[in-house]
Amino acid sequence: MLLTPHARSPRRLKAAALLASAVSVCLVAASAPAAPLGVGDRLFPHLGNPGYDVASYDLSFTYPGSNSKPLQAVTTIDAWTTTELDRINLDFAHGKVESVEVDGEPAAFTGAGEDLVVTPEEPLPDGSWMRITVKHTSDPVSGEDREGGWVRTTDGLAMANQADAAHLVFPCNDHPSDKAMFTIRVTAPNGYTAVANGLPTGVDRVAGETTWTYRTQHPMATELAQVSIGRSTVLHRTGPHGLPIRDVVPTKHREALEPWLEKTPDQISWMEGKVGRYPFETYGLLMADADTGFELETQTLSLFERDLFTEPAYPKWYVESIMVHELAHQWFGDSVSPRNWSDLWLNEGHATWYEALYAEEKADKPMETRMKAAYGASDRWRAAGGPPAAPKAPNPGQKISIFRPNVYDGAALILYALREEIGRPSFEDLERAWVSRHEDGVATTADFVALAQEISGRDLGGFFQDWLYGEKTPPMPGHPDWKSAAPSGAAAK
């Protein structure tokens, strides 16, 4: 996610221990009243659910022709149990549940906070395969205290599920540590076009409706799901190695947006030159007629506000660098997803890094100038948002407020310091090894530190401890003259 200038609002041991703790809560709670659970995420305590591992989602939405009315939906979840379960917690809110089945048999259900708690007729043994089918509505009108989920555009809908809003759209295990395959079906009145993550597998027309089906070829976190429904045109082109690229644009703006869209193949080639082959089956831009205040790296189909490309106040180089920011996320954040939301700096820091590197190489905007400015503000960012790898919790009612400067330029600053510390060749080897070793998986800050030490052949424990977790910004290697302004009311360094 990248906030735009006019934004209105800003299975390693540890993970296994957290999961074991959460599972014990699940088992103790089995005879108690239904309660919301979580996988132990520090920033979102009730997000995700213990006791099972999702293999796939099958989502079906029926759009009524109005973006202010609920969609009829069916969500089917295939998963493995990782402990004996007599209750199954799913994340779900902002929709009406009509029925639930577990392995084809009706199951009791109730709500608890933002959890849907399902009780099958018989407990599910550890290591068993289960299928949960939920018939429900999916409401595009969110409450004033909620952000994300369905985004209403001028002619339909799109999704923005980061960081914890996918469960406003469909029942799920809404945490990036549990990635799964997705099949998405959308039925809409003729005249609308629906596009979703992955590649199309069929289009069926019956009477006055059309159903589109899409399927991913790589696992995906729930926060990266995307569905576009609108009076849109889908434009096709070919990227490196024959990669299919499809862009979704409002039909009436097609000609104005084409000069921007044709830049994508070269941008993908540029990124491949830095970190290796593009990791998914397709890519493209969804240019939505919506005022979101951000751009979003939804997997294989990044969400952009159309105004970013048509507002003359934005310089050409800036717009192109933002395109690269969301493209870079396909490697950093999408293919390699965070184990916990405290690992967000790995997503946003890398996307900001390649955004800035692209601007340096293509528009003569020096990286050093940007990083020196970031260094000057870093102490203030750390005071306001916490150290990059230990960010402060989101503000009440503003879940996307974890997306603060400390995890953007503040995190890219860490990568700059690392490059200065270990040298450019080792740094570039590290970047390629990171996305290759953890492709289609999840990884932690500790994983990144361990790999950096392996690639560089150096003990970097002290370096990373200071840069990732320090309240104050450490001295910049190679630039002892750089200074960081103290937060208001604090003494200068």
Set of residues satisfying side-chain contact (heavy atoms from CB on, under 4.5 Å) with respect to [X], sequence neighbours excluded:
| X | answer |
| --- | --- |
| Val151 | Ala160, Ala290, Thr292 |
| Ser342 | Arg42, Leu43, Pro391 |
| Ala188 | Tyr63, Tyr192, Trp212, Ile229 |

Carboxylate-amine/guanidinium proximity below 4.0 Å for Glu320 and Lys362: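 So Glu320 does not pair with Lys362 through a salt bridge.
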Note: Glu258-Arg237 ion pair, threshold 4.0 Å (strictly below):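 Judged by the 4.0 Å cut-off on N to carboxylate O distance, Glu258 and Arg237 do form a salt bridge.
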Where at least one partner belongs to residues 246-268, residue pairs that pass ring pair (Phe, Tyr, Trp, His ring centres under 6.0 Å), sequence neighbours excluded: Trp260-Phe309
Contact list for residues 217-249, test ring pair (Phe, Tyr, Trp, His ring centres under 6.0 Å), sequence neighbours left out: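 The answer is His218-Phe280.
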Parallel, tilted or perpendicular: ring planes of Phe182 versus Phe170, cut at 30 and 60 degrees: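 Judged by the thresholds at 30° and 60°, the geometry between Phe182 and Phe170 is perpendicular.
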Exercise: identify the closest heavy-atom pair between Ala443 and Asp343: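 Looks like O-OD2, 3.9 Å.
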Exercise: identify the closest heavy-atom pair between Ala163 and Ile402: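 Distance-wise, the nearest heavy atoms are CB-CD1, 4.2 Å.
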All ring pair (Phe, Tyr, Trp, His ring centres under 6.0 Å) counterparts of His136, not counting sequence neighbours: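 So His136 forms a ring pair (Phe, Tyr, Trp, His ring centres under 6.0 Å) with Phe92.
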Partners meeting ring pair (Phe, Tyr, Trp, His ring centres under 6.0 Å) with Trp353 (sequence neighbours left out):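 Ring pair (Phe, Tyr, Trp, His ring centres under 6.0 Å) list for Trp353, sorted by chain: Phe427.
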Once salt bridge (Lys or Arg N to Asp or Glu O under 4.0 Å) is applied, do any residues pair with [X], and if so which ones, sequence neighbours excluded?
| X | result |
| --- | --- |
| Arg231 | none |
| Glu272 | none |
| Arg254 | none |

Option from Asn49, Thr222, Asn161 for which side-chain hydrogen bond (donor to acceptor under 3.5 Å, both in side chains) with Asp174 holds: Thr222
Atom NZ of Lys274: over 12 foreign heavy atoms under 6.0 Å: yes
Exceeds 12 heavy-atom contacts within 6.0 angstrom, atom CZ of Arg246: yes
Intermediate values then yes/no, ring-ring contact (aromatic ring centres under 6.0 Å, His included), Phe403 and Phe294: CA-CA 10 Å; Phe403 295 90; Phe294 55 80; 8.6 Å; no
Side chain to side chain donor-acceptor pair (under 3.5 Å) pairs, two or more places apart, involving residues 194-205: none
Under the side chain to side chain donor-acceptor pair (under 3.5 Å) test, residues paired with Thr369 that sit two or more places apart: none
